[in-house]
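Read the structure below first, then the notes.
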Protein chains: 2
Amino acid sequence: MRIKIAKTAGFCFGVDRAVKMAFDTAENSPNAVTLGPIIHNPQIVSRLESMGVRSVSSPEEILPDTTVVIRSHGVGQPVYDYLCEHHIPFVDATCPFVAKIHQIVKEYSEKGYLILIAGDKTHPEVEGIVGFCRSGAVAFNREEELRKMTEKNPEWTSRPAILVAQTTFNIQEWRKSAFFAKKVYTNLIIFDTICNATEMRQQEAIVLA
Amino acid sequence: MRIKIAKTAGFCFGVDRAVKMAFDTAENSPNAVTLGPIIHNPQIVSRLESMGVRSVSSPEEILPDTTVVIRSHGVGQPVYDYLCEHHIPFVDATCPFVAKIHQIVKEYSEKGYLILIAGDKTHPEVEGIVGFCRSGAVAFNREEELRKMTEKNPEWTSRPAILVAQTTFNIQEWRKSAFFAKKVYTNLIIFDTICNATEMRQQEAIVLA
């Protein structure tokens with residue numbers, strides 16, 4: 001078997017930046033933790049642990065006088081609120097492309113828009129996006145899922161609504177979903193929030209296959 | 001030669017609605033004009049003329065006591081201002097999908113964003129969109145054009161910017177343009193404003209070819 005390595009393989013901009021910020025924090029703060037593993041890479045997570053930076057799975061686990069690193073996936077507003085209320089200092093390594101989605105869903109959900117999110121609802125990035133929605137947010141992983149949910153909730157189609165995507169969402173599924181949504185939702189704004197690195201990788205994967 | 005007629009051939013929703021509104025206006029208003037031909041269809045334009053509704057090419061041509069029909073392509077803010085200042089009543093048949101683009105570019109240009117428009121700058125729809133931009137708006141017809149303009153104006157890439165499309169823009173060119181813009185513009189929000197009817201037609205054209 002021949003293994004081909006894609007040109008676009010490696011850390012994306014957002015993860016690369018978050019890892020650098022975690023190492024900087026490790027050097028500068030006597031007590032630091034990351035909220036969830038900073039990256040899907042055991043070697044780097046181990047190196048951070050050897051510098052005293054372990055990963056915790058929820059804000060409640062954070063001990064006093066500890067600096068928290070928020071990873072590139074981002075977190076929802078309630079986590080920021082918790083950190084502020086408990087005076088926990090934090091370094092925000094949320095990917096700027098994800099932070100942009102947070103701004104968008106916050107603004108439109110405050111205006112009462114329905115928020116449709118093309119993404120995996122169990123993925124931390126989507127949990128963070130949902131955590132910035134002030135009112136109804138709905139995540140779906142496939143166009144078919146959006147279609148079924150819409151059939152069950154026909155009143156959604158006439159509500160002011162926006163459609164955004166998890167930055168790493170599948171492009172073919174996104175195009176199908178946007179096409180369906182344009183046809184059925186009569187008061188919809190579509191934000192294409194899939195990140196460039198994702199598009200490049202998916203295109204290269206098709207070429208390599 | 002065999003001529004195949006596409007299933008999606010015919011008036012789109014926005015034009016259909018505008019034509020109905022023009023006929024309603026013809027019946028209800030003694031003096032009415034359309035601002036530009038209501039549709040690219042000489043038979044319908046003739047029928048309207050026989051009902052006393054002719055087409056004028058600029059607001060300055062409108063005589064007193066005349067009702068104006070704004071066609072589906074829409075017009076820029078200065079035209080609305082002119083009509084209001086001169087107390088000219090109007091029926092607004094702007095396609096709701098185009099009106100949505102007007103809202104978007106107005107809001108973001110007021111905040112100082114650079115407005116990138118994928119569209120033909122000589123097309124009335126794009127002229128109308130540009131006419132809602134409070135600050136810098138740039139239209140381009142091909143990804144290559146956007147690329148060249150960006151090379152000449154590298155300072156654009158770090159400005160807050162949005163990308164929108166003429167509702168009838170070519171989908172392949174849109175995807176290429178959005179892909180390029182995501183890579184180069186670091187503070188960009190992309191609105192997919194190509195209308196569903198356009199997508200269906202372009203897809204069917206590919207299948208028929």
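Just so it is clear: chains get the letters A, B, ... in the order the sequence lines come, proteins before strands, and each one is counted from 1.
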* Asked: Would the number of heavy atoms belonging to other residues, nucleotides or ligands and lying under 6.0 Å from CZ of A:R47 be above 12?
  -> no
* **chain A contacts, top residue of B:L163, B:L188, B:I189 (heavy-atom pairs, under 4.5 Å)** =>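 So the answer, after comparing B:L163, B:L188, B:I189, is B:I189.
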* Can you pull out the residues in residues 120-136 of chain B with any heavy atom less than 4.5 Å from chain A? ->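 Residues in range: none.
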* Asked: Quick one: which residues of residues 102-117 of chain B reach chain A at under 4.5 angstrom, heavy atoms only?
  ->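 Contacts with chain A: B:I104, B:E107, B:Y108, B:K111.
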* Asked: Looking at OG1 of B:T186 and CZ of A:F13, how far apart are the two atoms once the value is rounded to the nearest 0.5 Å?
  -> 8.5 Å
* Does A:N196 use its side chain to pair, donor to acceptor, with the backbone of B:F179 at less than 3.5 Å? -> yes
* Is it the side chain or the backbone of A:K100 that comes within 4.5 Å of chain B heavy atoms, both, or neither? ->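 For A:K100, the side chain is the part near chain B, not the backbone.
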* Any idea which of A:I171, A:N187, A:I190 has the most non-hydrogen atom pairs under 4.5 angstrom with chain B? ->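 Of the options given, most contacts go to A:I190.
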